[in-house]
J.: 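Just dropping this structure here.
Just so we're on the same page: letters track the sequence lines, and every chain starts at 1.
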Amino acid sequence: MPKIRIDDREIEVGPHENLIAAAGRAGVHIPHFCWHPALSVAGNCRQCLVEIEGVPKLQIACNTPVKDGMSIRTRSAVVQEARRGVLEFLLLNHPIDCPICDQAGECRLQEYYMSHGLYDARRNVDKVHKAKVVDLGPHVLLDGERCVLCTRCVRFCTEVAGVDELYVKERGSHSEIATFPGQPLQNPYSGNVVDLCPVGALLSKDFRFKSRVWWLKKADSLCPSCARGCNIRIDHHWNQVQRLVPRHNPEVNSYWMCDRGRVEFQWVNENRLLDAEHAGRSLVLGDAIDLLAERLQAAAPAVAVLLSPKLANEDLLVLHHLFTAVLPIAPLGAGSLEPPQPEDALLRRADPHPNTRATEALGLAADARRLCSAPEAKVLLLIGDDPVGWDGTLAAAFGRFDFVAAALTNHNATAAAVQAAGGLLLPLATWAEYAGSFTNFEGRVQRFEAALAPAGSARTGFELGLELAAALRRDFWPAGKPVGPVQPAIWKQLLPAGSALPRLDWEAVPPHGLVPTWRKTARPRSVWSDEEAADARSWYAAPPAPAAEAETHG
Amino acid sequence: MSTGAPAVQRILSLRFDTPGAHLLGTYQAAGGYSAGRKAFTRSPEAVVEEVKKSGLRGRGGAGFPAGVKWGFIPKNTERPVYLCINADESEPGTFKDRYLMEKDPHLLLEGILITCWAIRSHDCYIYIRGEYEATRRVLQAAVDEAYAAGLLGPSPYGSGWRVDVTLHRGAGAYICGEETGLLESLEGKRGYPRIKPPFPAVVGLFQCPTIINNVETIAAVPWILEHGGDAYAKIGVGKSTGTKLWCISGHVRKPGLYETPLGVPFQELLEDYAGGMRHPDRPLKAVIPGGSSVPVMTRSEAMGASMDYESLAQLGTMLGSAGVMVLEEGTCMVWALAVITRFYAHESCGQCTPCREGTSWLDDIFWRLERGGARPEDIALVHSLCDNMLGTTICVLSDACVMPVKSFLKKFKSEFDAHIAHGRCPQPQPVLD
Amino acid sequence: MAETSALAAAVLTDAAVAELEELARRYPTREALLLPALWLVQRQHGWISAEAMQYVARLLGVSPVRVYGVVSFYHMFHDRPPGKYNIQVCQTLSCSLLGAEGLLSHLQRRFGIGHGESTEDGRFMVQRVECLGACEHAPVAQINDDFAFDLTPAKLDALLEELP
């Protein structure tokens with residue numbers, strides 16, 4: 001392997017590795033704006049200039065592939081002077097918007113100024129003024145004055161999303177990022193440009209002015225909006241989700257997530273079912289569990305239980321064990337009436353659930369509609385999702401059961417239907433409120449951390465299962481009740497023999513998720529193949545017939 | 001516009017005063033297209049060698065040896081090789097290519113034929129600046145004539161080596177005279193110069209190996225193939241071989257286009273060709289010898305200068321595009337510099353930080369110096385900005401702005417100091433009528 | 001953006017489209033036809049509207065925003081109707097040394113228009129441009145595509161008077 005020296009330290013590098021990436025791996029951050037590991041090299045910001053021994057002029061690190069024996073200086077006086085010079089130029093026309101700019105606290109200009117700048121302003125010329133609140137599209141705003149023209153956003157749309165929706169207009173210091181008038185930035189991945197933007201030029205309409213980033217607490221999580229399982233981070237504050245941003249996983253989602261997953265989280269914050277309810281009254285949760293246990297006991301085995309493919313592996317494993325081994329009932333199944341979403345070659349899957357694979361692996365896949373009106377059952381228990389929301393006619397079927405109960409996250413149509421049928425509602429925790437795992441469409445098991453404290457008296461699916469078992473006074477754990485966190489024990493004790501779920505060591509799940517052993521190799525998967533990329537580009541290729549509407553996707 | 005100097009001193013402008021020189025018939029009657037015929041009987045390698053021997057250097061401004069550049073095309077490349085003629089001619093003070101294309105277009109076309117043969121290219125694009133519309137029409141007519149005569153197309157000289165020439169009109173951007181900015185523009189994009197490496201000879205137009213040469217460079221090729229590279233190398237001085245078209249403008253009596261061998265003393269150019277200064281009582285003050293992107297010369301530097309690449313480099317300036325701009329006493333140098341930096345601020349493509357912001361900052365400062373509102377520390381500031389703009393950018397437009405700025409500040413320092421002391425320009429007018 | 005407008009259908013005449021397609025044979029990509037296509041539009045209409053940009057985009061199979069970015073980059077392309085006669089006065093060094101500002105002040109006084117402005121009847125527009133490559137005839141202007149050499153205010157007036 002080639003070896004290079006960075007500031008008198010020798011490090012080993014990949015054969016053609018990019019110098020910024022190589023230095024980064026060695027813990028040396030070379031400041032930059034326009035370079036990004038997943039995008040083509042633009043080399044326009046000039047912030048990454050470094051000294052290369054034997055080369056007279058400073059070179060941009062981002063366009064320098066490493067060569068064996070190369071020696072780089074990133075901290076010499078001439079490099080620091082050049083860095084300060086570039087920063088000064090970037091700040092020349094940059095508005096001092098920090099007090100009102102969302103990017104404050106995670107802004108490269110701020111960070112680099114503090115670490116490499118710290119000069120007094122020398123400028124005495126009027127700043128170039130540009131439009132400050134440009135509505136680029138449904139999710140993104142542009143502040144033209146803050147833009148440093150790194151073109152990460154332009155390259156993202158062209159190279160990753162496969163649509164040329166952004167470009168630069170005008171020339172020189174009057175250049176601005178632009179869409180074509182009347183053709184907004186509306187590809188299904190448009191929100192990623194906000195993550196990419198190193199300054200506060202591209203802003204999320206959803207997150208704008210919501211919170212200062214230094215107040216945000218962060219939790220590593222997964223997007224629950226489809227079967228891809230994009231790795232995300234939940235940024236939260238005041239026990240509310242403030243925003244979702246993608247995390248890098250080269251095998252699942254690269255650096256990206258789709259817009260729908262990014263903005264559809266308000267249901268976690270709003271309109272939550274906080275307490276148990278029955279016959280128009282709130283109940284203490286313990287009483288509600290007791291009531292449910294009593295009804296289940298009386299009706300078993302004629303109980304229909306519909307689980308949601310949005311429940312985590314741990315929820316499914318516990319509930320599966322509860323209703324097959326501890327209190328056997330039938331029919332037991334998992335399914336949903338939620339219609340498929342648009343699918344594409346990049347990230348989006350048609351299946352809008354994060355854990356369908358697990359339901360299949362546990363043999364739970366079922367027809368939700370049939371379960372909701374199972375004639376052989378006397379009691380109906382729904383856990384998660386909103387079946388009546390997807391098909392209002394189901395509500396009528398509730399009346400035929402002796403007793404209906406549902407554990408739900410929100411006051412949704414199903415909750416209303418259960419109330420109307422005089423049934424029992426239990427508050428269910430969202431995925432953001434506990435630690436668990438999902439199994440994505442490839443069968444890859446990935447963990448997510450708890451971000452928020454559960455709302456009200458909400459319980460997770462597995463907590464409900466364990467509390468039900470306790471209320472039923474039945475032994476639950478085959479190998480003894482665990483001390484401490486329950487998730488490791490769930491995996492150790494409750495995995496059915498012969499299930500297609502991998503044997504998971506909860507403490508040691510690899511960062512890119514665990515791919516089941518029946519897959520020969522966990523091949524590092526680039527996010528899309530050539531064919532898929534061409535397919536993604538075909539969204540914009542064929543000119544529409546003059547009378548047709550502009551195409552919309554997703 | 002060219003004066004009657006001895007014939008061996010005129011290679012490029014020989015037919016400029018001949019009526020109908022732009023017509024194929026006239027060109028052929030004068031022996032035109034015979035050099036090409038000769039070249040096509042020789043191996044491409046031999047043709048490249050001949051041009052190498054001639055010492056012909058790029059006439060666009062960089063002065064890079066043309067034959068050496070042609071040699072950079074990878075051997076055994078599977079991709080098509082392209083030839084681009086840089087007819088974007090936008091360097092201030094420069095107008096030679098306009099004459100070549102309008103007065104003797106077939107000379108250029110013959111040069112293109114020979115070059116395509118030498119570099120194994122079938123396709124040549126002439127990127128001509130948008131403002132040269134009249135010129136473009138003449139050139140296109142010449143191209144049409146050449147096609148009709150079978151000199152362009154599937155089989156020039158019966159060789160079977162297809163050569164197609166396509167004119168591509170620019171639309172008002174100096175930066176498209178930068179080699180890779182030209183390529184981007186030809187490909188239908190904003191004229192943003194590319195980061196290098198890779199270099200055009202390996203990855204150029206449409207990602208294929210490409211040679212980009214200036215009009216004047218290629219126009220010299222037929223003579224070289226006709227008379228031999230050695231003969232060409234005997235003209236001129238040292239490593240500055242051959243003749244040069246000088247574009248003289250400014251405060252001279254006879255501004256115009258003149259051709260001499262390289263190495264002509266500036267004094268001779270000024271007095272014998274350009275008629276000397278326009279006003280006897282306004283002596284020479286300053287000369288910019290190579291288009292505005294080169295350091296300025298004082299009167300004494302200029303009067304002692306020999307016009308060739310090496311001599312001018314030794315004087316700390318450059319031959320560049322040979323756009324010789326002559327300034328008389330009474331011209332405010334601060335104002336002149338403001339006019340120059342305004343050009344670069346307007347023409348910066350805006351891609352990279354130091355140029356985009358630096359050119360506009362400098363432009364602003366110099367107009368404040370001239371009109372009022374500058375501060376004493378602005379001079380030191382300018383020096384600092386120049387240091388941050390030099391050698392730190394994707395292309396050399398930034399350097400091209402810095403060259404005049406640093407040289408004006410150094411050689412006419414007292415004028416800048418006077419502007420600071422006075423609060424603005426101390427002259428009633430920046431330039432005399 | 002109304003793609004069904006009548007203008008879109010008439011952005012380029014059939015002859016112009018044919019000319020463009022003939023030219024297309026000399027380029028390996030359709031994108032390379034962008035500047036030639038825009039010149040054809042401007043030759044026909046005098047300027048390039050948003051609809052025309054969309055039309056060209058569809059014709060060449062490129063995204064409209066790319067066309068927009070190109071039109072706004074190159075200073076000879078007009079994205080709004082210019083005057084019937086666009087007087088482009090060079091303001092770079094040699095022309096400034098020999099009276100460019102005088103010409104521009106003269107035009108301002110005579111027609112009341114400065115850079116980028118047109119007379120009310122739309123007959124004349126003035127633009128400050130950079131070096132036109134005719135410095136031996138400074139000060140220089142172009143009126144639409146035609147050079148005007150060795151100008152003085154009087155000469156410029158005479159030229160403008162002669163225009164149809």
J.: Output the option from Cys90(C), Ala138(C), Ala37(C), Gly69(C) having the highest count of non-hydrogen pairs under 4.5 Å with chain B.
T.: Gly69(C)
J.: Trp39(C) side chain to Ala171(B) main-chain N or O, any donor-acceptor pair under 3.5 Å?
T.: no
J.: Look at Pro80(B), Cys247(B), Ser90(B), Gly93(B) and state which one has the largest set of heavy-atom pairs under 4.5 Å with chain C.
T.: Gly93(B)
J.: Going by distance alone, is a donor N or O of one side chain under 3.5 Å from an acceptor N or O of the other, for Ser185(B) and Tyr74(C)?
T.: yes
J.: Pick one: which of Cys131(C), Ser94(C), Cys135(C) meets side-chain contact (heavy atoms from CB on, under 4.5 Å) with Pro92(B)?
T.: Cys131(C)
J.: Would a distance-only check, ignoring hydrogens and angles, find a side-chain to backbone donor-acceptor pair under 3.5 Å from Glu31(C) to Lys189(B)?
T.: no
J.: Met325(B), Arg169(B), Glu187(B): which one forms the most heavy-atom pairs within less than 4.5 Å of chain C?
T.: Arg169(B)
J.: Looking just at side-chain N and O atoms, do Glu136(C) and Tyr99(B) make a donor-acceptor pair shorter than 3.5 Å?
T.: yes
J.: Distance-only criterion, 3.5 Å: show the donor-acceptor pairs between side-chain atoms of residues 11-19 of chain C and protein atoms not counting sequence neighbours.
T.:
residue	atom	partner	partner atom	Å
Thr13(C)	OG1	Ala16(C)	N	3.0
Glu19(C)	OE1	Arg43(C)	NH2	3.1

J.: Only pairs of heavy atoms separated by less than 4.5 Å count here; which of Ala134(C), Ser72(C), Gly99(C), Cys95(C) has the most with chain B?
T.: Ala134(C)
J.: Under a 4.5 Å cutoff for heavy-atom pairs, which residue among Gly191(B), Ala173(B), Ala336(B), Ala134(B) has the most contacts with chain C?
T.: Gly191(B)
J.: Any idea which of Val431(B), Thr166(B), Leu205(B) has the most non-hydrogen atom pairs under 4.5 angstrom with chain C?
T.: Thr166(B)
J.: Name the region of Val252(B), side chain, backbone, both or neither, that has any atom closer than 4.5 Å to a heavy atom of chain C.
T.: neither
J.: Kindly determine whether Leu93(C) and Ser292(B) satisfy side-chain contact (heavy atoms from CB on, under 4.5 Å), including the steps that lead there.
T.: CA-CA 8 Å; Leu93(C) 188 59; Ser292(B) 63; 5.6 Å; no
J.: Please state whether the side chain, the backbone, both or neither of Phe206(B) comes within less than 4.5 Å of a heavy atom of chain C.
T.: side chain
J.: Answer yes or no: is there a donor N or O on one side and an acceptor on the other, between the side chain of His251(B) and the main chain of Leu97(C), under 3.5 Å?
T.: yes
J.: I'd like to know whether Asp145(C) forms a side-chain contact (heavy atoms from CB on, under 4.5 Å) with Tyr132(B), so could you lay out the CA-CA distance, the side-chain angles of the two residues, the decisive distance to 0.1 Å, and finally the verdict.
T.: CA-CA 8 Å; Asp145(C) 279 338; Tyr132(B) 279 4; over 6 Å; no
J.: Are Asp146(C) and Arg137(B) ion-paired here, with the side-chain N under 4.0 Å from a carboxylate O?
T.: no
J.: Given heavy-atom pairs under 4.5 angstrom as the criterion, report whether the side chain, backbone, both or neither of Phe147(C) touches chain B.
T.: side chain
J.: What part of Leu23(C) is in contact with chain B, defined as an atom under 4.5 angstrom from a non-hydrogen atom: side chain, backbone, both or neither?
T.: side chain
J.: Contact part of Val165(B) toward chain C, heavy-atom cut-off under 4.5 Å: side chain, backbone, both or neither?
T.: backbone
J.: Looking at Arg342(B) and Gln91(C), would you say the former's side chain and the latter's main chain have a donor-acceptor pair under 3.5 Å?
T.: yes
J.: Distance-only, no hydrogens or angles: does the Arg98(B) side chain make a donor-acceptor pair with backbone N or O of Gly133(C) under 3.5 Å?
T.: yes
J.: At a heavy-atom separation under 4.5 Å, does Glu101(C) approach chain B through its side chain, its backbone, both, or neither?
T.: side chain
J.: With a 4.5 angstrom heavy-atom cut-off, which part of Glu131(B) approaches chain C: side chain, backbone, both or neither?
T.: both
J.: Side chain from CB out, backbone as N, CA, C, O: work out which of these in Arg128(C) comes under 4.5 Å of a heavy atom of chain B, or both, or neither.
T.: side chain
J.: Are the aromatic ring centres of His168(B) and Tyr27(C) under 6.0 angstrom apart?
T.: yes
